[in-house]
S.K.: 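The following block contains the structure, expressed as structure tokens.
Only heavy atoms go into these numbers, but all of them, side chains included; no hydrogens, no water, no symmetry mates. Everything numeric here is computed off the predicted structure, so don't read it as measured data. Ligands are counted one by one from 1 in listed order, and the atoms in each one are counted from 1 as well.
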Amino acid sequence: MMRAVVLVGGIGTRLRPLTYSVPKPMLPVGHVSIIERLITNLVGGGVTDVTLALGFKPEPFIEAFPDGTCAGAQLRYAVEPEPLDTAGAIRFAAEAVGIDDTFVVANGDVLTDLDISALVDFHRSHGAEATLHLIAVDDPSAFGVVALDDDGRVRRFVEKPAAGTEPSNLINAGTYVLEASVLGRIPTGRKVSIERSTFPAIVAEGLAYAYATDDYWIDTGMPDLYLAANLDLVSGRRSGQSCVGVHPAASVHPTALVERSVVAAGTCVANDARVVDSVVLAGATIGAGSCLSRSVVMGRIGAGATVHDSVIGADGAVADGEHIAHQRRPDPARP
Ligand code: GTP
């Protein structure tokens, strides 16, 4: 048996207004929720039992898997009474289900083709207490940046370093293998960040290792990346994985044009609308003659409107004939 804890309790501030109605890992990428895609990859790498570390909006997760399984994994739920941040959430969830052996942790908003079994083998063969999956990126400053020794030991771990001071271009890609002993390092009853507190402490003792790969990897936590994750699937940019753009249960008028876009089941795209490089999510209606580009929509787009590079949440609307670009509706600044 291999167990995993998946962190899914965050508020998803950066993906507002979409996350006002749907918690980030429950949002679909190519018609399948992020969490289901993530768990499918974990199961492919030998994980048999997944505990969801829940906090913000736990109900949609529980309702989505009524038989308590996902992609063949047994699901368990741990709901925090208050947000404990990443390390606090890992300890809370692991103790709730009695984890006492090597286990996998994944951030619930990351999509990757990483071979989990290879990460676990690397962890075991190096005698690590914690092993991080790394990805090389062009601009690492927004991430946890890792400097490695030749044998894969982590020499430094710096969370979000100032631009220009990054020790490498390898970033924490949000999948870990941990020994149960890591749990004892995490103080209880308050917020603790694994990136800012726990990993630096393990690195200081020379017990953290990291494994860099060039697998497909995307953090879906921001609108442009959430859009990109969808477009990667529909445009066939992902080897071995793709999806149909227009779901068979969507209603798209024969005179509407849909290009390089994902249109969800139950949505309605009216006559002469153009939907290009966009994601139309459950609940959306796209008005006659409207034009949508590089946008994600859960709400209502009026007839003749043009919407470019915008995010329209479930309670958002664009009026008939209105032209907008680079907007989010409703305003994500609201609490
Ligand atoms: P932002 O608010 O946009 O930063 O998104 P987020 O809330 O998801 O935070 P972030 O992307 O930094 O979190 C990484 C992962 O940890 C995500 O999968 C979150 O769901 C999860 N997470 C963050 N904080 C908590 C927490 O306090 N409890 C639990 N259970 N999960 C958390």
S.K.: Kindly give the heavy-atom pair with the smallest separation between L15 and T220, and that separation in Å.
M.R.: CD1-O, 3.5 Å
S.K.: Counting only heavy atoms on the protein side, is anything nearer than 4.0 Å to atom 13 (O) of ligand 1?
M.R.: no
S.K.: Could you pull out the closest heavy-atom pair between F103 and E179, with the gap in Å?
M.R.: CE2-O, 4.0 Å
S.K.: Can you tell me how far the CZ atom of R91 sits from the OG1 atom of T198, to the nearest 0.5 Å?
M.R.: 10.5 Å
S.K.: Should you measure from each heavy atom of N107, which atoms of ligand 1 turn up under 4.0 Å away?
M.R.: 14 (C), 15 (C), 18 (O)
S.K.: Considering non-hydrogen atoms of the protein only, which is the closest contact for atom 2 (O) of ligand 1, and what is the distance?
M.R.: T13 OG1, 2.6 Å
S.K.: If we check side chain to side chain contact (heavy atoms under 4.5 Å, CB included) with L119, which of these qualifies: V104, T213, T131, L132?
M.R.: T131
S.K.: Quick one: OG1 on T175 to CD1 on I135, what's the gap to the nearest 0.5 Å?
M.R.: 9.0 Å
S.K.: Tell me the closest heavy-atom pair linking S168 and P140, and the distance in Å.
M.R.: O-CG, 3.5 Å
S.K.: Which residue in the set E195, R196, K191 passes side-chain hydrogen bond (donor to acceptor under 3.5 Å, both in side chains) when paired with S193?
M.R.: E195
S.K.: Within a distance under 4.0 Å of any heavy atom of A89, pick out the atoms of ligand 1 and give their elements.
M.R.: 28 (N), 29 (C), 30 (N)
S.K.: Can you find an N/O atom of I11 closer than 3.5 Å to an N/O atom of ligand 1?
M.R.: yes
S.K.: Quick one: look up the protein heavy atom nearest atom 19 (C) of ligand 1 and list residue, atom name and how far away it is.
M.R.: G10 N, 3.5 Å
S.K.: Hey, is ligand 1 close enough to D85 that some N/O pair sits below 3.5 Å?
M.R.: yes
S.K.: Side chain or backbone of V8 under 4.0 Å from ligand 1, or both, or neither, by non-hydrogen atoms?
M.R.: backbone
S.K.: Does any N or O atom in P83 lie less than 3.5 angstrom from one in ligand 1, N or O only?
M.R.: no
S.K.: For ligand 1, which atoms, with element, lie under 4.0 Å from some heavy atom of L84?
M.R.: 27 (O)
S.K.: What heavy-atom pair brings E36 and F65 nearest, and what distance separates the two atoms?
M.R.: OE1-CE2, 4.4 Å
S.K.: Counting heavy atoms only, name the option from E82, K191, E80 that's nearest to atom 28 (N) of ligand 1.
M.R.: E80
S.K.: Is it true that V297 and Y20 fall in one hydrophobic cluster, defined by side-chain heavy atoms closer than 4.5 Å?
M.R.: no
S.K.: Could you check atom 16 (O) of ligand 1 against the protein and tell me its nearest heavy-atom contact, residue, atom and distance included?
M.R.: L7 CB, 3.6 Å
S.K.: Would you mind checking which non-hydrogen protein atom is closest to atom 10 (P) of ligand 1, with the distance to 0.1 Å?
M.R.: R14 NH2, 3.9 Å
S.K.: Closest approach of A4 and V47, non-hydrogen atoms and distance?
M.R.: CB-CG1, 3.7 Å
S.K.: If I compare all heavy atoms of R3 with all of G98, which pair ends up nearest, and what's the gap?
M.R.: NH2-O, 3.0 Å
S.K.: Output the list of atoms in ligand 1 that are nearer than 4.0 Å to some heavy atom of G9, sorted by atom number.
M.R.: 20 (O), 29 (C), 30 (N), 31 (N), 32 (C)
S.K.: With atoms numbered from 1 as shown, which atoms in ligand 1 lie under 4.0 angstrom from a non-hydrogen atom of K24?
M.R.: 5 (O), 6 (P), 8 (O), 11 (O)
S.K.: At under 4.0 Å between heavy atoms, is it the side chain or the backbone of A53 that contacts ligand 1, or both, or neither?
M.R.: both
S.K.: Can you confirm, on distance only, whether ligand 1 has an N/O atom lying under 3.5 Å from any N/O atom belonging to G221?
M.R.: no
